[in-house]
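Residue numbers start at 1 and run along the sequence shown. Counting starts at 1 for both ligands and their atoms, in listed order.
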Amino acid sequence: MTAGRTTAGPGALDWTNPLRDPRDKRLPRIAGPCGLVIFGVTGDLSRKKLMPAIYDLANRGLLPPGFALVGFARRDWGSEDFGKVVYEAVRAHARTPFRQDVWDKLAEGFRFVQGTFDDDDAFDRLSHTVRDLDRVRGTGGNHAFYLSIPPAAFPVVCKQLARSGLSAQDGEQWRRVVIEKPFGHDLKSAIELNEIVNEVFPEDSVFRIDHYLGKETVQNVLALRFANQLYEPIWNSHYVDHVQITMAEDIGLGGRAGYYDGIGAARDVIQNHLLQLLAFTAMEEPVSFSSDELRAEKIKVLNATRLVSPLTETTARGQYTGGWQGGELVRGLTEEEGYDPDSRTETFAAITVEVDNRRWAGVPFYLRTGKRLGRRVTEIAVIFKRAPHLPFDATMTEELGQNALVVRVQPDEGVTMRFGSKVPGSQMEVRDVTMDFGYGTAFTEASPEAYERLILDVLLGEPSLFPVNQEVERSWEILDPVIDAWTAADDGPDPYAAGSWGPESSNRMMARTGRTWRRP
Ligand code: BG6
């Protein structure tokens with residue numbers, strides 16, 4: 001969080017002083033000589049997130065001068081065509097303003113290699129291109145390979161990288177692989193994939209992307225919890241009633257049938273993003289923020305996380321039907337192009353888990369995600385127990401709810417605290433009010449996109465924000481019984497209207513313990 005620079009108080013290190021403390025961690029970290037190869041360069045993720053993030057990093061001066069970007073795909077393109085595609089992606093989606101000089105320098109390092117994943121010649125050409133870049137751009141033999149491709153293609157690409165010598169690290173040089181989710185579709189396939197990847201790349205060269213960890217607001221959970229004295233004493237089962245983690249989206253799934261049909265919301269979001277949010281919320285304080293210490297705590301808390309029985313009552317799934325969302329008439333999932341008309345793929349999923357340790361015993365964590373919901377919002381809401389006694393006339397506290405601390409991950413990034421306050425007047429009436437921190441008003445600097453942070457971390461070899469294989473495997477282990485139970489059930493997901501907050505079964509899931517979902 002760099003915003004502190006603008007408000008540095010007395011005794012703070014002088015930012016402009018050339019003799020400043022070299023250990024000052026606030027200094028921007030610039031990647032050393034290196035290049036990035038993207039597989040799946042014609043895909044949506046590449047155009048909307050990866051290419052713009054690379055430009056934004058260049059614009060912020062965080063890439064080395066000779067940085068190289070190589071695209072690998074089947075398309076019959078030359079390096080110039082590739083350059084045009086990157087240009088359009090940058091113009092449409094970059095976060096920072098377009099600067100011709102930055103672009104011109106960056107574009108000098110673009111190369112394109114045409115081929116399919118089973119084509120040995122294509123990988124030999126790629127190997128030649130990479131060596132040539134070391135010579136003409138000074139990339140120093142340091143290259144990252146970004147697999148923005150379906151998981152079914154991971155094995156063949158890893159094998160090709162090994163066969164063509166591209167994965168081999170010589171001396172001080174590094175080779176890293178970046179893997180996009182989904183990482184498998186259950187525990188078994190994740191273990192198999194991990195074995196295949198680890199045969200070619202040692203674990204410390206594997207960077208698995210969970211882009212939620214690249215978000216400032218998610219990292220802020222750690223700052224909030226571990227930089228303050230205020231919250232940690234009450235961050236436990238003595239004070240917390242339950243936790244709700246919500247990732248709601250208003251968009252539908254048109255155009256994503258190839259990936260989404262048969263996968264569903266639980267695998268797409270709960271297995272990765274929501275369980276990682278839970279880990280940040282529930283884990284113990286790490287000894288330091290080094291990657292090993294941080295991951296050790298995340299693994300520990302995921303190991304203590306378990307589902308609550310019976311799954312028929314403690315989980316819920318739904319599928320959106322057509323209808324009016326806002327002012328727009330939208331289609332149901334099964335009417336979207338490419339989906340099986342009988343598809344049982346869930347577009348809404350909710351689960352209940354508990355964390356079996358001293359801190360959290362008995363505190364339910366409710367996780368939900370869905371498409372075509374009321375609005376786009378991701379938040380972590382920690383709901384506190386009621387005060388054990390209220391020395392007020394009961395009618396005076398009718399509008400007093402439970403205290404809550406809500407981390408607004410997106411949009412409108414910030415933190416809200418809800419508590420009771422006296423209503424002005426001669427009575428002692430108490431009602432809920434909120435106290436708000438918003439990134440937009442507190443800091444002058446805009447937050448970088450998650451992919452900027454994560455791509456830079458890959459190039460720097462900084463692994464803290466990337467889940468390791470044990471985390472991925474444990475997350476599947478937690479979720480698999482839910483998916484198995486849903487698959488074995490006679491019925492499919494419950495229908496819910498587009499623009500609503502999911503199926504009735506999700507409300508029933510909360511009601512069984514007398515609780516309700518927040519309406520963010
Ligand atoms: C992806 C999921 O990981 O995250 C998508 O596959 C989802 O289904 C996306 O839409 C949401 O990301 P964000 O950053 O827009 O919340």
Side-chain angles (χ1 to χ4, degrees), residues 40 43-50 52-53 56 93 95 146-151 178-185 190 207-221 245-278 280 317-320 325 330 333 336 338-339 343 345-350 367-380 407-414 439 446-455 465-467 471-472 475-476 479 498 502 520:
D44 242 26
L45 181 79
S46 236
R47 281 185 299 108
K48 291 195 180 144
K49 298 289 182 190
L50 309 185
D56 287 325
H93 302 290
R95 181 180 66 83
Y146 201 121
L147 311 192
S148 176
I149 53 178
V178 188
I179 304 184
E180 266 295 335
K181 59 172 270 270
F183 201 77
H185 53 88
F207 290 71
R208 295 177 188 78
I209 296 263
D210 183 317
H211 79 280
Y212 263 63
L213 301 188
K215 294 182 191 269
E216 286 286 329
T217 40
V218 174
Q219 293 157 34
N220 192 33
V221 173
I245 303 182
T246 298
M247 177 185 154
E249 292 179 281
D250 50 8
I251 49 168
L253 286 154
R256 286 185 78 193
Y259 160 68
Y260 203 88
D261 205 12
I263 290 289
R267 287 186 174 109
D268 183 43
V269 169
I270 295 185
Q271 187 271 342
N272 37 81
H273 307 325
L274 296 198
L275 284 173
Q276 286 289 324
L277 292 185
L278 174 139
F280 270 33
R317 61 184 163 139
Q319 189 186 75
Y320 65 81
Q325 188 181 32
V330 299
L333 180 85
E336 304 263 28
Y339 287 86
S343 174
T345 301
E346 84 280 357
T347 58
F348 176 99
L367 277 45
R368 67 172 161 169
T369 183
K371 307 281 182 189
R372 286 260 183 254
L373 296 184
R375 67 181 265 250
R376 172 175 179 257
V377 58
T378 300
E379 63 167 41
I380 302 166
V407 176
R408 298 195 308 272
V409 173
Q410 65 188 30
D412 187 23
E413 291 78 1
Y439 275 81
S447 298
E449 273 280 320
Y451 277 97
E452 283 173 66
R453 170 69 196 260
L454 295 177
I455 291 173
L465 296 176
F466 300 85
E471 288 170 78
V472 172
S475 300
W476 281 120
L479 196 66

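Counting only heavy atoms from C-beta outward, the side chains of Phe280 and Ile380 never approach each other to under 4.5 Å. In this structure, Gln219 and Leu465 have side chains that are in contact, with non-hydrogen atoms separated by less than 4.5 Å. The shortest distance between side-chain heavy atoms of His273 and Asp268 does not fall below 4.5 Å.
Scanning the protein heavy atoms around atom 5 (C) of ligand 1, the nearest turns out to be Arg256 NH1, 3.3 Å. Nearest protein heavy-atom neighbour of atom 15 (O) of ligand 1: Arg376 NH2, 3.9 Å.
Between Glu471 and Gln276, the shortest heavy-atom distance links the atoms OE1-NE2, 3.2 Å.
With ligand atoms numbered from 1 in the order given, ligand 1 contributes 2 (C), 5 (C), 6 (O), 8 (O) to contacts under 4.0 Å with heavy atoms of Asp268. For ligand 1 and Lys181, the ligand atoms under 4.0 Å from any heavy atom of the residue are 1 (C), 2 (C), 3 (O), 6 (O). Numbered from 1 in the order shown, with element, the atoms of ligand 1 that lie under 4.0 Å from a heavy atom of Lys215 read 13 (P), 14 (O), 16 (O). Set against the non-hydrogen atoms of Lys371, the atoms of ligand 1 under 4.0 Å away are 5 (C), 7 (C), 8 (O), 10 (O). Near Gln410, the atoms of ligand 1 lying under 4.0 angstrom from a non-hydrogen atom of the residue are 13 (P), 16 (O). Those atoms of ligand 1 that come under 4.0 Å of a heavy atom in Glu249, given as number and element, are 7 (C), 10 (O), 11 (C). Taking a cut-off of under 4.0 Å to the non-hydrogen atoms of Met247, the atoms of ligand 1 that pass are 11 (C).
Backbone and side-chain nitrogen or oxygen atoms of His273 are examined, and one is located within less than 3.5 angstrom of a nitrogen or oxygen of ligand 1. Ligand 1 has no nitrogen or oxygen under 3.5 angstrom from a nitrogen or oxygen of Thr378.
Contact annotation: Tyr212 has at least one heavy atom less than 4.0 Å from an atom of ligand 1.
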Test Asp56 against Tyr451 for side-chain contact (heavy atoms from CB on, under 4.5 Å), laying out the working first.
CA-CA 10 Å; Asp56 287 325; Tyr451 277 97; over 6 Å; no

Mind running side-chain contact (heavy atoms from CB on, under 4.5 Å) on Lys181 and His211 for me, showing each step along the way?
CA-CA 9 Å; Lys181 59 172 270 270; His211 79 280; 5.8 Å; no

